[in-house]
Every structure is written in structure tokens, then in C-alpha cells.
Amino acid sequence: GMTSLHSLFIGGCSSLTFPPQEVSERGGRACMRFLRERRLELRGSDFTTIDRKLLQCIEDSCVIEIDLSDSKKLETLPFEALCGMPHLEKLELKRCIALKWPPPQVIDRGGIAVMHFLRDGFLDLTACVTTELPDLALLCKHMPPGGGLGCRIREIDVTNCSKLLELPYDQLLSIPTLEAVHCRGCPKLPWPPQRAIQLGGGRVMEHLRAGVWDLSDLGVDQEVPPMDPELLMRAGVSTIDLSNSQKLWRLPMDQLSHITTLTSLEIRNCTKLNHPPKWLADRGGKVVWGLLSGKRLDISNWAGLEQLPEGLVALMTRVKGRELDVSGCSMLRQLPCEDLAGIPTLTSIDCSKCDALSWPPPAVRESGGKATCVFLKERKLDLSHQDMEELPDFAQFEGASIREVVLTGCRRLKSLPVEMLIALPECFSVEVGGCVSLRHPPKSVQDRGGIIVFQFLKSRKLDWTDYRGSSIPHADIEALAEAELIEIDLSGSTQLHTLPLDALQQLTTLESLKLGGCPKLHSPPQCVCVLDGARTLKFIRSKEYDVSGDPSVTTLDSHLAKELHTAGVRCVRATGCQNLTHVDGAGFGAIASLTSLELGECPALQWPPVVITSRGGEATVEYVRKRRVDLRGSEFEAVPEELLRELAEAEVAEIDLCDCPNLTSLPAEALAGVASLTSLPCTNCPSMPWPPDLVRERGGGAVIA
């Protein structure tokens, strides 16, 4: 209240909390301005932001103005806190070179403009003398994230920018919080139209976001104004409304066709316009422009449509239409199939969900527009890439004179109606490439094309039952390679002595070779001939004798071992034989070529014991030949006693424990109980101190000794 007091020096009063030290340190006059005018002068400060203590003091003091000009180190401001101070009217930030937000265009307009911008998101660019606005993308690049107070742009004011030639449309549309662009007094702006500008900034943004040029009120007297395609594209115009244009008799396609952003052209009630016809104009702007630009006529879901509009075929021919969509027209009863098939450019006719249609058949209609068009034009039934396990009933195609069937890419298709396909009188091709679930015909046939597949469907298995010769010439087998057979049946060939096994192995697509009832055949042996065709072929190719899962197998005796020994068997697989009780160990141990003897999951088997058979085919062979069990590289710290008891019952002669890094000791008493054990190799077991290395290095027998 001391009106004559102009200076109050209180520097160095460290216990004084009000005024803040930042004020008192600036001298007596600054202190009095703060107390009397609520003006906080912090020009040239060296802090990077305003701390909480000073903020609280500013708020408590109801400060009206803050001057932070020339604060070179200032990097950021507590926007929400400043915006929440109701008394703060002015925030000067000039020449704060490290501060990226607010933008320089706002700061240069003064402290009041800064607070208006931070509180209301109001970017004031009024009365600019430039022909274009500053780069808004660069301006928004430094906008703090979150979109809260002080961190958003809601309005841009370019009022009275008389030289402004164009708005940065894409940049304006990229600001999600922008609600209004005020641009009255900008006579040189070509877009949006001046009448939209006069309605205010909110309507301008609505106009820009909608992308609509509304010329529907041209009426009787006015001509359609010239169009600048490049400008309209930059403005993102997607809809042009020419409805009610009574003087419009021809569309300006030379201009419209260059507007790549255009998706809709409204031409309702243009009485002098003959092309496109009225029925198309009444379907809406997207349908009109879809036909004129994309050559696609979409009249789908037309309620009550029983037949196609008059002149549709002529219209599609005139515009060189490529696609016709009448899907969902549930009342449509008939298509002019022959006329549509005669349109040379037409590639798709979508008539799915047209339940009242009698032709084309439902399976064709629901397979897509391209397939329907191909069916009508080429008599090709295209059901490719459909999610089906079996084909539809071919009775619906009666009289269609189908020449080709395409099933490419039907990944779930499991079988073909072979008899129905063969019965098609004019069919010559069945494409099944990419039908991964289809087991017949085999892939090698599928990949050779539809004609080969169709031929193979008639004859894909070679029936040579009761073959009368004593041998089959190599040349006869080699000649079958191109047929890519999947099965050869030689059952009941009582005179057959030999087979060209090397030539049979060259038939890579062959899956089955049936040789039952060939008593004079020695290679493969009779024990193999009695197996099914697939297992017989497996033996010929890999010397694997496979009777796994066969309930009739009760024993693997010495006679079988001799036959397999002569044939050079490499693997015997008898897993899952529920009734197998005995294996001749001496006979199978003597087969020099044998590398694997698979006997797992045979519950009735008494020998070899489960502890051996559960370790796999190679381990079983080792045991049968040498009573040896390989535990090399095991991770256990001690040999399980239960395992040792089982090995003792199996009368194991050797247990190999080499290379077991975690093994710390040998269970001497348990090992002593394995009476049959004569060798215990255990080298390279670094965690085991006993027996000493000197003993281990002398071999498994020395360890036992």
C-alpha cells in the first residue's frame, strides 16, 4: 500500500520463503513488481525447468505474468500446472533457444498468445503475409505426448491471411485433436469453397475430414465449375455430389478420372444425363463411381430385384466392365447367362446368396465371382481354394457340359468322387494341385496337371494278380515310371521266381507292392511276402522288417531269423505286438547286418526284459549280442539301484558308464549283486574319485576286479 515505495531489497535472507529467492535475488525493484503487480520476472534464468517449490509460490501468489525470456537453458515447462493457474494471463518465452514447445510462431506473438495456446490449443497465425503456412508436421514433431493441457492443437486461426494460396490439407488432417481452422479473409484459397469458409472454422474441418465437394445446389441455371484434379487430390476429396444438376448432360470424365482419391460420384436427379442410366444413379455415388472408374458394377442386396435392370448388359459392354456383383439379391430369379458370357471384358459375376436363382448351380454361385464367370464362359467348374472336405453332389451340374474341373488349393479336401468325375462326358481335366489332404492321386500325379490326373483316375493301380511268368523283365517295370503308380498287386502269382527289385525301387511314387501267395519267390523272403503291400515295399527299399502292431505275431523264432539273415535285414520292428512272448536271442544276435531290434510296448514278452527293450532298437541289439548296456553320457549322480536290480535280472555282462560328468560314485554293493557283470567301463567321469584313474584306464574288467 506504500505508493511511494519503489524498491525493496531483501537479498540474502535465506530463511525467507516469500517472496521466493529467485525474485529477491533480482533486486529491490523486481521484488516490488512481484508484490505490487503480481509480475514474476525471471529473464535470463539458468534453470532447465520450473521446480515444484517455485510453482507452488507462483500459484499461492496469484501471479498474473511470468517473464522467462532469454532463459537459454530452459528446455521444458510444467504445462498442466501453468494451465491450471487461473490468474496467469501472460507467459513470455522469447529467445528461449532450448525450448521446443510451444512453437516459435506462438512465442513470437507474445505472452498472452502463449497462454491462449497452452490453455485452449489455439494456434494464432492471423494476418500472416506469406503465401503458405509454416510446416505443421515439423511444428507438431516437438509436441509433448499425451495430448493433455498445453500439449495439443485444437484450433488454428489464419484469418485475414490475404496472400495465403493453399492450406496444407494432409498436415491438417494428420492432427487428431484439431477441431477448427478459421480462414475467413483468405480470398485466394481455392479449397475448401468460400461458402464453407464463411460458416466458421469448425465447418471447415468437417468439410476437410469428410472430403466432400457438394455441388448439389447448382440447380437449373448453373454449369458445373471446372475441376482441378491435383488440388482436389491434395485436399483428399473422396465424394463429389452433382445431384440435381439440371444442365448436366455429360459427365466431365476427363477431369474426374484424374482424381485418384475419388470414391463416390452422386448424380441423382440429373434429368438430362443419359449415361449412366437413372437406375444406376439411384443406387448411390459409390456404385456409380465404382463402375465408371473401377469397371465394377455393385448392385448387391437390391431388395425386391427379380431380374436385372434393362440395358445392364449394354452398359457393361459400353464401359468395358470387368466385375458384376448381384450377391444377396434374394428375389433374383434369372440371369441372362449367355448375354453376360458374351461381354468380352467381364471376369467376375458374383451371385452368391441369390437363393431364387435356378442357374448357375449353388456350388458355382458360392465359389466366387471369378469362378462363376469362368463356368459360364468356358464350361470350367472352378472350386479352387475352398474350405471343404468333400465335393458337392455332381447331380446339380447335369446338362452343364463341364469340360474342366479345378480344385487347386482345397487343402482340406480328402477324397474325390472318382466315378462321378469319370462319368462327365466332355471332361478331360481335373486340377488338384495343392490339395495337401488328398491321398489319391499321389502328389507326383497331381503336379503333372489336370489332364494327367484325369487319365490317372481311370487307371492308377496296376493289377497283376495271378501273373503267369516266372520273372518280370526290367523293361516292363521301367515303362511304368511315367504312369507314377501307387500300387502294384502281384498276389497269387504262383509261378513267379524273381523280381527286378532295383527297377521297382526306382518307382518313387509306389506305395504298395502286394506279393501274397507267391510261394516260389525267394527275394524278398516269404516272411516278407506275407506282409501287407506297404510293409513289403518298405523291406525292399530299406531292409526293414516291420510287423509292429500285428496281433498274430507270437514269436520271433530261429527260422525267421535265418530268413532275415539271408535277406540282409537291417531293422526288425515289432513294437506294439500284444501277443509276442518270445524272441530267439541267438538267432537274431547272429544276424550281422542287423542294427536295430524294436520290441517296445510288447506286454507279453518275457525276454529281452523291458529294461532293455525300452531303451530302443540299437540297445536291444547290443544286449542280444553281448549282454551289454550302454549308459554313456548319462546325467545322473549315482546309478539308480532300481535300474541295477533290473539289469541284474537281465543278466547283463557289461554296463558302460563312460563320459558321465555328474557321476560321483559307484554303488559297490549293488553292483556286487549283479552276478553276471564282468565289465564296467567308467572312464572320463571327472566327478568320481573312486576307483582311481589307474584302474579305470585299464578297462571295465579291471574295474570289476
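Numbering of residues begins at 1 and proceeds along the displayed sequence.
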| query | So, R403 side chain and R379 main chain: donor-acceptor pair closer than 3.5 Å or not? | reply | no
| Qualifying residue for side chain to side chain contact (heavy atoms under 4.5 Å, CB included) with V326, from D350, L308, L312 | L308
| query | Can we say D298 and R296 salt-bridge, meaning some charged N sits less than 4.0 Å from an Asp/Glu carboxylate O? | reply | yes
| message | Between R535 (side chain only) and D546 (backbone N and O only), is there a donor and an acceptor less than 3.5 Å apart? | response | yes
| Minimal non-hydrogen separation, L407 against M388, with atom names | CD2-CE, 4.2 Å
| query | Can S512 and D532 be said to form a side chain to side chain contact (heavy atoms under 4.5 Å, CB included), step by step? | reply | CA-CA 8 Å; S512 175; D532 61 50; over 6 Å; no
| task | For residues A180 and G202, report the shortest heavy-atom separation together with the two atoms involved. | result | CB-N, 3.6 Å
| task | Sequence neighbours left out, what pairs pass salt bridge (charged side-chain N to carboxylate O under 4.0 Å, His left out) with at least one residue falling in residues 283-294? | result | none
| field | Atom of L421, atom of C427 and distance for their closest heavy-atom approach | value | O-CB, 4.5 Å
| field | Side-chain ion pair, E487 and K514, N-O less than 4.0 Å | value | yes
| message | Using modelled atom types and a 3.5 Å cut-off, is there a donor and acceptor pairing between side-chain atoms of S542 and backbone atoms of F539? | response | no
| field | Heavy-atom pair with the smallest gap, counting every atom of S348 and K370 | value | OG-N, 3.5 Å
| said: Determine whether a donor-acceptor pair (N or O, by modelled atom type, separation under 3.5 Å) exists between the side chain of T177 and the backbone of R152. | reply: no
| message | Has T263 got a side-chain atom pairing as donor or acceptor with S238's backbone, closer than 3.5 angstrom? | response | yes
| said: Here's a test for you: under side chain to side chain contact (heavy atoms under 4.5 Å, CB included), which of V181, I156, D157 qualifies with L125? | reply: I156
| field | Heavy-atom donor-acceptor pair, S437 side chain to R411 backbone, under 3.5 Å | value | yes
